[in-house]
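Not measured: the values here are computed from a predicted model. In listed order, ligands and their atoms are each counted from 1.
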Amino acid sequence: MKFKMKTTILYSDDLKNYDFGPGHPFRSNRFVSFLKLYKEKLGKNKHFELVKNNELASDEELEFWHTKDYIQAMKAASSGITIPNLYRFISQDNVNPISREFPKGIEKGARTVVKNSLLALDFVQRKRSEKAVNIGGGLHHAKSSYGEGFCVYNDVVIAARYAMKKYDLKRILILDTDAHAGNGTCEAFYSDPKVLFIDLHQRGIYPGTGFAHEIGEGRGKGFTVNLPLAAGTGNKSYEVIFDEIILPLAEEYRPEIVIRYGGSDPHARDEITELGLTLGGFRMIGEKVREISKLCGNKSLDLICSGYKPDILSKVWLSLITSLSGVEIQLEEPEPEVKSDEMLTETKDLIKKVKENLKPYWRSMKHYE
Ligand SMILES: [Zn+2]
């Protein structure tokens with residue numbers, strides 16, 4: 001009998017509020033475009049269920065990571081109240097580029113994102129579905145009292161801490177495949193062995209963190225794995241990294257849940273980064289994460305929101321979701337601008353370096369072919 005897989009997709013109409021305004025790379029129309037393609041391709045597919053949520057995260061939930069001061073400042077700024085020293089709390093890229101104001105209502109959108117990541121976790125933990133996807137999730141740059149990189153509240157950190165507290169999880173694998181390093185997430189779990197944080201990102205771009213030698217500290221030493229990739233790194237390189245580093249580490253760690261996040265910005269045609277994945281590469285990532293999730297009863301969360309090339313974004317998101325769920329669909333690949341096997345030699349050197357750094361902490365990192 002063929003196994004029946006069910007994936008829940010969390011969505012909210014309130015996501016329209018998560019919008020930095022005209023001229024900003026992060027607009028909320030991305031969510032509308034995705035929903036349209038989703039309905040067209042998967043609307044009647046029995047493996048998928050779309051759940052719309054209207055509930056917002058509470059202050060208590062946000063406080064799993066953010067400070068009270070920061071939450072109050074975001075709430076006030078988003079309702080139009082002038083905050084003295086607003087830039088003490090947020091970076092210049094977290095405001096409307098024209099008015100230079102913190103967008104009205106965005107804080108509500110940010111709470112929606114957090115709530116949906118928590119609900120996605122509940123769905124998976126309570127076995128309502130094996131996989132749960134939060135469209136809008138993965139806001140990995142938000143620090144405890146500082147918002148940056150288009151991220152207001154860090155739903156990844158909050159979901160992982162919620163998983164520890166509510167479900168007593170002690171081994172959470174967080175995989176960041178966004179093109180940018182997940183500085184907020186990294187900071188939260190840098191000394192915490194309850195999270196194995198693996199981060200693939202383009203090196204030398206914003207936020208400038210995520211060096212290979214940064215492997216955690218204290219009890220968390222060896223539990224942060226940074227894979228800073230050269231511009232142009234493509235499908236084959238990502239695949240080798242999964243086979244040489246990510247899968248062996250996951251097998252040794254035996255996670256109780258897998259949280260993957262990141263959208264379309266590592267695609268070759270993305271407009272603000274220079275990595276080289278094609279749709280096939282994203283499908284491969286989804287398949288590998290699906291394989292890893294077998295270590296923990298097929299449970300995984302997928303948080304998706306990034307991407308800065310509108311005509312490719314929805315296709316990438318859908319490729320990630322369907323391959324994670326073991327479902328095949330036809331999506332047309334726009335002409336890739338770089339060859340997908342580029343930077344393989346550089347990647348192999350990086351793998352060697354990463355294994356060297358990690359081998360005191362992991363049996364599976366002791367060998368290199
Ligand atoms: Zn990104």
Using only N, O or S atoms, tell me which atom of [X] is closest to the Zn ion (ligand 1).
{"X": "Asp265", "value": "OD2"}
{"X": "His180", "value": "ND1"}
{"X": "Asp178", "value": "OD1"}

Check against ring pair (Phe, Tyr, Trp, His ring centres under 6.0 Å), Trp362 and Phe223: CA-CA 10 Å; Trp362 301 93; Phe223 292 87; 5.4 Å; yes
Please report the shortest heavy-atom distance between Ala188 and Arg161, naming the atom on each side. O-NH2, 3.3 Å
For the pair Lys288 and Asp243, find out whether any cationic side-chain nitrogen is under 4.0 Å from an anionic carboxylate oxygen. yes
May I ask you to say whether Arg254 pairs ionically with Glu251, meaning some side-chain N is under 4.0 Å from a carboxylate O? no
